[in-house]
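Taking it in order: structure first as structure tokens, then the write-up.
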Amino acid sequence: MSDQTKTAQSEHADHFSHHVRRYLYVFVALIIGTIFTVWASYIRFPSREINIAVALLIASCKAFLVAGYFMHLISERKMIYGILLATAFFAAGLMYLTLWSMAPHSLIHIK
């Protein structure tokens with residue numbers, strides 16, 4: 001084997017081990033997030049809404065890790081982030097419209 005081939009293989013192994021190490025760190029963070037989720041479910045907060053908010057916050061952090069690292073969105077261009085932001089905006093808007101329509105004083109309930 002030539003020295004050039006050995007150097008290329010060595011660089012490839014280092015590059016590969018770097019990515020594997022990153023994936024393992026993310027995996028450990030997801031396991032810790034799951035433990036926090038279970039732990040937070042046993043905490044008695046003053047209201048149920050706070051429990052839901054804490055669970056959603058932990059789930060959002062875990063979703064960011066999965067989307068960012070396992071789906072490689074952390075290194076994508078601005079267009080991907082624009083689409084993601086628009087999706088989050090419309091999802092929040094639809095949730096707001098759903099909650100607004102359930103309120104007894106909303107315009108759909110006026111006769």
Side-chain angles (χ1 to χ4, degrees):
M1 238 187 236
S2 70
D3 289 335
Q4 201 173 31
T5 307
K6 289 179 184 178
T7 304
Q9 287 178 348
S10 173
E11 289 175 6
H12 178 70
D14 290 339
H15 182 70
F16 182 74
S17 66
H18 173 72
H19 286 291
V20 170
R21 190 174 315 122
R22 181 182 299 160
Y23 290 145
L24 288 175
Y25 287 148
V26 172
F27 176 71
V28 169
L30 290 171
I31 294 296
I32 291 171
T34 303
I35 291 170
F36 278 151
T37 303
V38 172
W39 176 67
S41 71
Y42 289 106
I43 297 175
R44 299 273 182 200
F45 289 106
S47 69
R48 186 174 179 181
E49 289 81 13
I50 296 175
N51 281 45
I52 293 171
V54 168
L56 284 175
L57 177 69
I58 296 170
S60 297
C61 293
K62 289 169 38 179
F64 168 76
L65 288 173
V66 170
Y69 290 100
F70 291 141
M71 297 172 63
H72 305 283
L73 292 179
I74 204 93
S75 61
E76 289 294 324
R77 290 188 274 156
K78 291 181 181 179
M79 185 178 96
I80 296 293
Y81 288 118
I83 292 170
L84 182 63
L85 183 64
T87 303
F89 174 75
F90 285 112
L94 289 173
M95 287 298 238
Y96 172 76
L97 286 174
T98 302
L99 293 175
W100 174 74
S101 70
M102 293 173 55
H105 63 279
S106 68
L107 296 176
I108 12 180
H109 298 289
I110 297 176
K111 293 182 181 181

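These figures come from a predicted structure and were not determined experimentally.
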Nearest-0.5 Å distance, [atom1] of residue [X] to [atom2] of residue [Y]:
| X | Y | atom1 | atom2 | answer |
| --- | --- | --- | --- | --- |
| L85 | F90 | CG | CZ | 10.0 Å |
| L56 | T37 | CG | OG1 | 10.0 Å |
| R21 | L24 | CZ | CG | 9.0 Å |

Determine, using the 4.5 Å side-chain heavy-atom cutoff (strictly less than), whether [X] and [Y] are members of one ILVMFWY cluster.
| X | Y | value |
| --- | --- | --- |
| I50 | F36 | yes |
| V28 | I58 | yes |
| W39 | I32 | yes |

Check your understanding: Does atom OH of Y25 have more than 12 heavy-atom neighbours from other groups under 6.0 Å away?
Key -> no
Point to revise | F27 atom CZ, over 12 foreign heavy atoms within 6.0 Å | key: no
Review point. Which heavy-atom pair separates F45 from V54 by the least distance, and what is that distance?
Key: CZ-CG2, 4.0 Å
Point to revise | Closest non-hydrogen atom pair between I43 and N51, with its separation | key: O-ND2, 3.6 Å
Exercise for review: Assign the ring pair Y69 / F64 to parallel, tilted or perpendicular, where the plane angle (0 to 90°) is split at 30° and 60°.
Suggested key: perpendicular
